[in-house]
Protein chains: 2
Amino acid sequence: MIRCIKCNDVSSISKAGKVDKKQRYFCKNCNIHFTIPEKREDLKNESEKKQNVTIKDIAEALQISFSTVSKALLDNPVINPETKKKVLNMAKKMNYQPNLNAKSLVKHSSNTIGIIIPSIISSSFYPEVLQGVQEILSEKKYNSIICLSHESYENEIANCNQLINNRVDGVLISITSKTVETAHINQFKEHNIPFVFINRAPETIEASRVTVNNYDAGCKAVEHLIEQGCTRIAHIAGPPNLIFSKERLKGYYDTLIKHKHTIDQSLIVYNDLYTDNSKECIEHLLNLKNKPDGIFVYSDFIGIELIIAAKERGIEIPSQLCVVGMGNNPVSAIIEPQLTTILGPTLEMGKIATELLIDEIEGKNQKITNRLLDVELIVRKSSLK
Amino acid sequence: MIRCIKCNDVSSISKAGKVDKKQRYFCKNCNIHFTIPEKREDLKNESEKKQNVTIKDIAEALQISFSTVSKALLDNPVINPETKKKVLNMAKKMNYQPNLNAKSLVKHSSNTIGIIIPSIISSSFYPEVLQGVQEILSEKKYNSIICLSHESYENEIANCNQLINNRVDGVLISITSKTVETAHINQFKEHNIPFVFINRAPETIEASRVTVNNYDAGCKAVEHLIEQGCTRIAHIAGPPNLIFSKERLKGYYDTLIKHKHTIDQSLIVYNDLYTDNSKECIEHLLNLKNKPDGIFVYSDFIGIELIIAAKERGIEIPSQLCVVGMGNNPVSAIIEPQLTTILGPTLEMGKIATELLIDEIEGKNQKITNRLLDVELIVRKSSLK
DNA sequence: GTGAAAGCGCTAACAC
DNA sequence: GTGTTAGCGCTTTCAC
């Protein structure tokens with residue numbers, strides 16, 4: 001026998017489907033739908049699945065309202081310290097874990113940042129950057145979602161959308177070597193999501209960026225090779241559409257010109273990260289009739305390949321060929337001969353970019369920042385004649 | 001002049017605070033609170049912040065109900081194809097991005113898995129595993145949250161809580177070398193979150209795990225060293241509380257015993273990943289009066305350090321000392337002499353564990369699986385007398 | 001100091 | 001085939 005919860009009538013009641021597994025009723029008099037309130041305990045029998053503890057459960061256990069529980073949990077000063085203590089204890093006792101999805105929904109912010117990087121296995125560069133990022137993140141109590149674009153433009157677009165869907169509070173991004181259009185990145189602006197470029201940035205977008213001084217890297221490398229007496233200096237350059245490649249190349253050019261060397265286009269080759277043509281690049285240079293006596297390679301990884309290939313051909317390093325790499329890959333210090341390299345502060349880069357981003361998220365910094373980090377030449381055997 | 005939205009009376013109305021920046025009213029007759037409905041456009045003037053597009057916005061633009069929009073977006077077959085097309089077009093036009101937090105809240109699942117690993121920079125092992133994980137994840141349309149525990153037990157506990165708070169659908173975990181208690185991991189069970197161990201697993205928890213055949217690795221390494229004529233075979237072992245260390249050590253023991261070698265405890269040293277005592281381990285072995293003539297090192301990284309240290313002391317490899325590492329670090333193939341190593345399928349490990357986890361999440365697999373992956377000995381110069 | 005209620009954006013059960 | 005409604009777990013405003 002069901003009574004209307006409003007008019008208390010019995011005859012006017014009809015069944016009206018089910019809601020949340022409970023019978024729903026309709027009162028013709030009052031024109032309202034209702035269900036018979038049950039205690040949460042009773043439900044447990046129906047659905048065996050153990051539900052997560054919510055603030056409502058804590059409230060019920062303590063016989064107080066759930067908004068009081070919420071306030072206590074948020075350390076709202078208006079709440080009685082006694083009550084707060086009771087709530088905190090009960091939360092612990094019941095093993096309460098707040099639902100961050102619900103919180104994000106009402107707060108319009110997720111306390112999470114997104115990270116888009118091209119790769120995690122091709123070198124130790126991005127792992128080190130990530131390490132720096134994570135250090136700041138855990139210090140500032142932010143979470144992260146990491147996306148790998150695998151140097152694919154399509155993946156990068158998908159990653160951007162995913163991060164928007166997840167309503168991240170901000171994004172750190174290092175673009176792929178294929179990224180030319182940037183509409184997908186500009187989407188973040190439409191959604192009021194701040195973003196900071198790490199290491200690789202497009203020229204066309206106005207946004208903060210943290211990069212190493214690639215121009216200076218090119219200068220330092222070539223300057224050093226010239227000092228060592230090299231006269232035909234080649235360059236294995238990075239993907240041509242990435243700024244860092246262009247800048248290192250410009251440093252290479254300018255330094256050669258400064259020292260009145262002639263520029264020989266056959267001494268410049270470009271690496272494609274997606275197809276990975278590093279072997280071809282190396283072969284091209286080593287097969288030249290008029291061989292180079294110094295090579296600045298934009299990455300240690302390929303520098304190491306170059307050393308191995310040269311040794312196989314009986315080319316003596318450094319007496320016949322000096323090699324300078326970049327990145328300070330751990331291997332560089334181990335191979336024979338040890339590879340001269342240019343060191344950029346990878347861990348620092350991750351840290352600085354993350355701090356910058358969080359400042360933007362928290363409104364502490366509005367203006368666009370362009371951080372250029374210093375590089376350092378580490379001279380080793382591969383370039384010491 | 002405000003009228004009650006129910007009884008249409010004017011005199012019974014009083015103001016009752018504000019809700020969502022709109023005036024709220026109370027009708028004494030009907031005992032109800034209400035606000036005067038406004039169009040969303042009007043609100044825009046008040047709050048300049050551009051809001052994200054929601055299904056309600058699409059519904060309004062199309063003059064249909066938002067649940068129809070929801071169904072259309074979810075490709076519910078009940079919806080008229082015409083309507084569906086209109087909705088899809090409008091969603092695209094308005095640049096609609098669904099709010100995954102809201103979806104997670106309703107669906108009680110986030111389509112996201114959590115990953116807890118100890119480190120990302122100490123070797124290429126975890127980056128490669130992650131690569132495999134991400135490949136499956138993007139194929140199966142899952143997202144991920146990556147946590148780094150930095151070999152710290154406290155961090156691992158915090159990571160577990162974070163993942164529970166984020167309501168991930170499942171967890172991949174590789175425990176720290178310090179993890180002995182496992183209550184924090186068992187919490188996942190209480191929250192109905194399936195988890196799979198990768199590479200490192202505690203002995204005490206019943207859960208699926210994907211590991212390499214570490215016992216066999218120990219056997220293969222020592223067997224090979226014995227074949228090469230080594231008679232005093234040492235072992236640099238991993239952290240003693242990790243199963244993989246124990247198993248490799250057991251392989252080492254059993255193979256020595258099988259070949260009637262005597263066990264000399266001074267030939268066994270343990271690496272502590274947290275303090276990183278690898279230098280001390282190496283020095284201990286190389287300083288022994290009665291030096292070993294073969295060493296099985298549990299990781300290539302330390303194997304490489306060992307080779308360098310031995311060369312510095314003028315110990316000839318392999319004639320005076322054979323070295324076998326494990327992990328097939330890219331450097332192993334490059335140093336001089338090249339390091340013999342044991343190769344485990346890292347990428348595969350990530351893939352298999354992820355597939356296993358997703359199957360558990362989707363209820364396709366209930367039973368606990370214990371996948372043991374085969375290892376392979378790669379013989380190089382460092383162990384070939 | 002506490003409680004009631006609205007609403008974040010969405011899904012799904014049900015009514016029509 | 002479309003619309004109405006409740007509810008996911010939480011924060012926040014306002015009433016008392």
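Bear in mind that the values here come from a model prediction, so they are computed numbers and not experimental data. Letters go in sequence order (proteins before strands), and every chain restarts at 1.
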In whole Å, what is the span from the [atom1] atom of [X] to the [atom2] atom of [N]?
X        : N      : atom1 : atom2 : value
A:Leu73  : D:dT12 : CG    : P     : 13 Å
A:Ile79  : C:dG1  : CD1   : P     : 8 Å
B:Ile55  : D:dT2  : CD1   : P     : 15 Å
A:Asn166 : C:dC8  : CG    : P     : 20 Å
A:His108 : D:dT11 : NE2   : P     : 14 Å
B:Glu60  : D:dT2  : CD    : P     : 19 Å
A:Asn101 : C:dC10 : CG    : C1'   : 12 Å
A:Lys56  : D:dT11 : NZ    : P     : 13 Å

Side chain of [X] (C-beta onward), nearest among [options]:
X        : options               : answer
A:Ile64  : C:dG3, C:dC10, D:dT11 : C:dG3
B:Lys103 : C:dT11, C:dG9, D:dG3  : C:dT11
A:Phe66  : C:dC10, D:dT2, C:dA5  : C:dA5
A:Leu105 : C:dC8, C:dA5, D:dG1   : C:dC8

Does the side chain of A:Ser67 pick up a donor-acceptor pair with the side chain of A:Ser70 at under 3.5 Å?
no
Under 3.5 Å, is there a donor-acceptor pair linking the side chains of B:Ser149 and B:Ser152?
no
Pair of N/O donor and acceptor under 3.5 Å linking C:dG3 base with A:Lys71 side chain:
yes
Does atom NZ of B:Lys93 have more than 12 heavy-atom neighbours from other groups under 6.0 Å away?
no
B:Lys85 atom NZ: more than 12 heavy-atom contacts under 6.0 Å:
no
Find which nucleotide of DNA chain D each of A:Leu74 and B:Pro77 is nearest to by heavy atoms, and output the residue with the more 5' nucleotide.
B:Pro77
Between B:Val106 and A:Lys107, who's closer to the 5' end of DNA chain D by nearest nucleotide?
B:Val106
Phosphate OP1/OP2 of [N]: any [X] side-chain N/O under 4.0 Å:
X       : N      : value
B:Ser67 : D:dG3  : no
B:Ser65 : D:dT4  : no
B:Thr83 : D:dT2  : yes
A:Ser70 : D:dC10 : no

Rounded to the nearest 0.5 Å, what separates atom NE2 in B:His191 from atom CG in B:Asn165?
8.5 Å
